[in-house]
Amino acid sequence: MTAQTYELSHLQALEAESIHIIREVAAEFERPVLLFSGGKDSVVMLHLAAKAFTPARVPFPVMHIDTGHNFDEVLDFRDSTVERLGVRLVVASVEDSIAKGRVRERPDGVRNPLQTVTLLDAINDNGFDAVFGGARRDEEKARAKERVFSFRDEFGQWDPKNQRPELWSLYNGRHHKGEHIRVFPLSNWTELDVWQYLAAEEIDLPSIYFAHEREVFQRDGMWLSVGKHNSPREHEEVVTMTVRFRTVGDAPITGAVESTAATYDDIVAEVAATRMTERGATRADDRLTEAAMEDRKKEGYF
Amino acid sequence: MELLRFATAGSVDDGKSTLIGRLLYDTKSIFEDQLESIERTSRDRGDEQTNLALLTDGLRAEREQGITIDVAYRYFATPKRKFIIADTPGHIQYTRNMVTGASTANLALILIDARQGIVEQSRRHAFIASLLRVPHLVLCVNKMDLVDYDETVFQRIRDEFRQFASKLDIGDLTFIPVSALLGDNVVHRSANMPWYDGSSLLHHLEQVHIASDRNLIDARFPVQYVIRPQHQTNRELHDYRGYAGVVAGGVFKPGDDVVVLPSGLATTIESIDTADGAVKEAFAPMSVTIRLGDDVDVSRGDMICRPHNQPRVTQDVEAMICWLADQPLQVRGMYAIKHTTRNVRGQVRELEYRIDINSLHRDETADTLSLNEIGRVTLRTTQPLFVDEYRRNRITGSFLLIEESTGATVGAGMIL
Ligand SMILES: Nc1nc2c(ncn2[C@@H]2O[C@H](COP(=O)(O)OP(=O)(O)OP(=O)(O)O)[C@@H](O)[C@H]2O)c(=O)[nH]1
Ligand SMILES: [Mg+2]
């Protein structure tokens with residue numbers, strides 16, 4: 001910041017806003033939790049939470065909704081991060097939800113849509129009243145409509161036609177028992193902001209975000225990784241390519257992008273020049289219908 | 001890079017979403033997959049051309065009805081500035097969502113349909129923007145293509161709006177004739193309106209001077225959260241006690257004499273901490289942690305300020321209220337009040353008047369405010385608040401009224 005003009009850079013302004021939101025939740029809620037997947041947005045969110053309470057610890061646990069379809073690097077990263085920060089990790093597992101009969105495995109094996117049940121059960125079981133999510137408004141058109149404090153009813157539902165007014169930086173977190181608030185501290189960040197911030201703060205990320213060689217095959221116009229959760233079908237040819245991931249989600253539906261960007265600076269340059277949204281490029285779940293995200297969000301999805 | 005937040009405003013169908021779509025399209029801020037998706041949707045619906053409003057009208061219900069229901073936030077940047085856009089709905093039923101989008105804006109774009117001229121909803125939105133003290137207003141006379149780019153149409157609307165605006169408190173007002181549909185004067189100057197010698201909308205957004213919009217004079221620090229590390233072993237941290245929050249005004253420096261409200265205790269600032277180390281100065285809107293020289297008792301909701309420049313400490317608040325709920329305002333009703341980091345309760349003692357949006361007359365016989373109505377009230381709070389006039393400080397001058405049983409935000413207050 002330049003003291004003479006009293007200006008913040010746009011990243012400083014975004015950081016200040018996010019820290020304000022995170023502290024507000026810590027002050028006004030009894031049992032907040034921060035959703036942490038090891039994906040870049042949740043990494044930034046947790047980093048901001050750590051900054052918000054320095055030199056004290058983050059005063060709430062983090063929760064991973066585990067589809068069981070993970071990249072090993074990401075799980076390792078998750079565990080080392082929570083250990084470094086001294087926060088408690090709650091893991092809510094989709095596999096447990098399947099075993100308990102709360103949800104049924106889909107024929108295509110994709111577990112992304114099943115996560116909603118696991119998430120809502122975990123929120124209920126733990127009595128969480130505020131749930132931080134790393135969603136950004138620039139990601140998707142339904143997300144573009146969501147408040148920073150997003151009210152969820154007792155069924156975890158979002159009602160996009162009847163959201164609370166949200167003025168200035170006054171956030172209304174009132175709710176009754178059984179209801180909760182989703183909180184999105186990164187609402188106003190873009191993908192490029194996230195990368196610029198990761199670079200500026202030198203924040204560690206799982207290695208799969210950086211260019212590396214990987215065996216992949218093409219499905220639905222996306223490069224999927226060959227691995228324990230993903231095997232090519234007969235006609236799908238496996239090739240070795242230099243790729244990286246732009247998002248980290250349920251492995252069977254998260255595509256890699258062809259890229260040689262191996263450092264933060266490379267990635268910032270690549271993201272600045274890209275002509276595809278990260279979801280359009282990498283997430284099959286959003287391609288189902290025009291309103292796929294809106295429909296999932298209404299049911300209580302992240 | 002500097003950040004400009006702006007919101008659209010104006011009556012339903014005046015072309016707000018189309019204008020935002022055009023702005024994004026002509027600045028090449030639309031991603032290929034987004035463009036393909038709205039092209040496909042437009043084709044499927046049988047639209048003649050790609051409907052750029054679909055870039056912000058993303059909800060199913062919005063697409064079915066062809067209107068905006070809630071604010072959509074969009075982000076774009078040019079080499080000069082970063083922008084956060086709030087595209088708000090024009091429909092009167094959703095005025096509260098327009099208020100939401102405009103409350104944080106540095107600039108409001110008010111659209112007028114050149115064929116219709118100024119209608120009640122244009123006046124309502126202009127009035128709300130002035131009430132919220134959005135520092136810069138741009139009146140876009142849109143759909144110029146439908147009036148043959150006629151200068152006299154533009155002039156007539158401009159003159160009429162100027163007259164209306166003279167009764168409002170508007171700092172900076174600019175007029176631009178545009179066609180959102182065809183792009184005239186949106187990003188590029190239009191050849192169809194040689195009589196217009198001002199700048200294009202984008203050029204204006206890039207140039208408008210916003211640095212002076214903040215209050216750097218009245219030092220205000222509402223304590224948001226007390227940081228007390230629970231370190232048994234580390235002695236230095238064991239005694240750490242920091243007051244975290246956002247600077248709401250003015251500039252704070254280590255060594256400053258300060259007063260903590262409501263106790264009135266005087267002390268000094270020992271240090272201003274951030275996770276990146278101590279800083280020499282803190283100003284709005286920085287999030288920092290202040291440590292004080294003396295061991296005074298400070299908690300969330302307290303206010304740190306300078307001894308010779310303090311906010312008003314009061315339980316009696318005079319305010320303009322914008323009513324946001326279906327159930328009307330209840331005079332003598334108790335509401336929860338959220339003001340800076342303070343939560344108190346308060347009773348609406350009196351409705352002094354309601355504003356007639358068209359004439360701006362004060363109706364002193366009014367006994368309630370219904371959805372989207374605006375009026376002046378007196379409130380009595382259960383605990384003192386530390387307030388400034390909203391015109392001096394948007395943070396310490398604003399509050400929410402919350403219905404206690406439902407938790408709904410029912411009113412937006414601006415302190416007089
Ligand atoms: N001819 C012409 N039509 C326009 C222009 N701008 C918008 N329209 C049309 O006007 C209609 C309404 O446009 P929208 O952009 O949805 O209007 P809006 O102001 O966002 O409406 P709400 O958000 O519902 O209040 C659409 O059919 C647009 O194509 C323009 O400059 N010229
Ligand atoms: Mg619209």
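Order of the sequence lines sets the chain letters (A, B, ...), proteins ahead of strands, with each chain counted from 1. Just so we're clear, the structure is a prediction, and the values are computed from it rather than from any experiment.
- Contact record, B:I227 with A:P55: CG2-CD, 4.0 Å, taken as the closest heavy-atom pair.
- A:R174 has its side chain out of reach of B:K338: every pair of non-hydrogen atoms, C-beta onward, lies at least 4.5 Å apart.
- Note that A:R137 lies in the cation-pi zone of B:Y73, set by a 6.0 Å cut-off to the ring centre and a 45° limit from the axis.
- Between atom CG of residue B:L324 and atom CG of residue A:L167 there is a gap of 6.5 Å, rounded to the nearest 0.5 Å.
- Side chain of A:K141 to main chain of B:A72: no donor-acceptor pair is present (N/O by atom type, distance under 3.5 Å, no hydrogens or angles).
- With a 4.5 Å cut-off on non-hydrogen atoms, B:E2 touches chain A through its side chain but not through its backbone.
- Of the listed residues (B:A86, B:A284, B:S405), the greatest number of heavy-atom pairs within a distance under 4.5 Å of chain A belongs to B:S405.
- No close placement of the A:W168 and B:F399 rings is indicated, their centers lying 6.0 Å or farther apart.
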Residue pair B:F31, A:T274: steps toward the side chain to side chain contact (heavy atoms under 4.5 Å, CB included) verdict: CA-CA 8 Å; B:F31 292 98; A:T274 186; 4.0 Å; yes
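- For chain A, the option among B:D276, B:T104, B:D57, B:V410 with the highest count of heavy-atom pairs below 4.5 Å is B:D276.
- Looking at B:N97 and A:P165, their side chains never come closer than 4.5 Å, going by heavy atoms from C-beta outward.
- The interface of residues 239-246 of chain B with chain A, defined by heavy-atom distances below 4.5 Å, comprises B:Y240, B:A244, B:G245, B:V246.
- With a threshold of 4.5 angstrom between heavy atoms, A:A50 does not approach chain B through any atom at all.
- Exactly one residue among A:Q163, A:R147, A:E166 makes a side-chain contact (heavy atoms from CB on, under 4.5 Å) with B:V71. That residue is A:R147.
- Taking OG1 of B:T289 as the start and CZ of A:R23 as the end, the distance is 4.0 Å to the nearest 0.5 Å.
- Of the possible polar contacts, none joining the B:D70 side chain to the A:K145 backbone as a donor-acceptor pair under 3.5 Å is found.
- Note that NE2 of A:H10 and NZ of B:K82 are 4.0 Å apart. Values are rounded to the nearest 0.5 Å.
- If you measure heavy-atom distances from B:L59 to chain A, the contacts under 4.5 Å come from both the backbone and the side chain.
- Checked against salt bridge (Lys or Arg N to Asp or Glu O under 4.0 Å), A:D41 has the following partners two or more places apart in sequence or in another chain: A:R136.
- Side-chain N or O atoms of A:K161 include none that pairs as donor or acceptor with a backbone N or O of B:A61 at under 3.5 Å.
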Step by step, work out the side chain to side chain contact (heavy atoms under 4.5 Å, CB included) result for B:E281 and A:Y6. CA-CA 9 Å; B:E281 288 180 307; A:Y6 299 111; 2.9 Å; yes
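- Within the 4.5 Å cutoff, the side chain of A:W189 has no heavy atoms near those of the B:Y75 side chain.
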Pair A:L8-B:F283, side chain to side chain contact (heavy atoms under 4.5 Å, CB included): steps then yes or no: CA-CA 9 Å; A:L8 296 181; B:F283 50 90; 3.9 Å; yes
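- Remark: side-chain polar atoms of B:S287 are paired, donor with acceptor, to backbone N or O of A:A16 under 3.5 angstrom.
- Note that CG of A:N188 is 5.0 Å distant from CZ of B:R5, once rounded to the nearest 0.5 Å.
- Comparing B:L35, B:T409, B:D273 by heavy-atom pairs within less than 4.5 Å of chain A, the highest count is held by B:T409.
- The most heavy-atom pairs under 4.5 Å with chain A, out of B:R394, B:E32, B:K280, come from B:E32.
- Of the listed residues (B:R74, B:R214, B:R96, B:Q224), the greatest number of heavy-atom pairs within a distance under 4.5 Å of chain A belongs to B:Q224.
- Looking at A:E28, the atoms closer than 4.5 Å to chain B (heavy atoms on both sides) all sit in the side chain, from C-beta outward.
- For the options B:D87, B:T341, B:V288, heavy-atom pairs under 4.5 Å to chain A are most numerous at B:V288.
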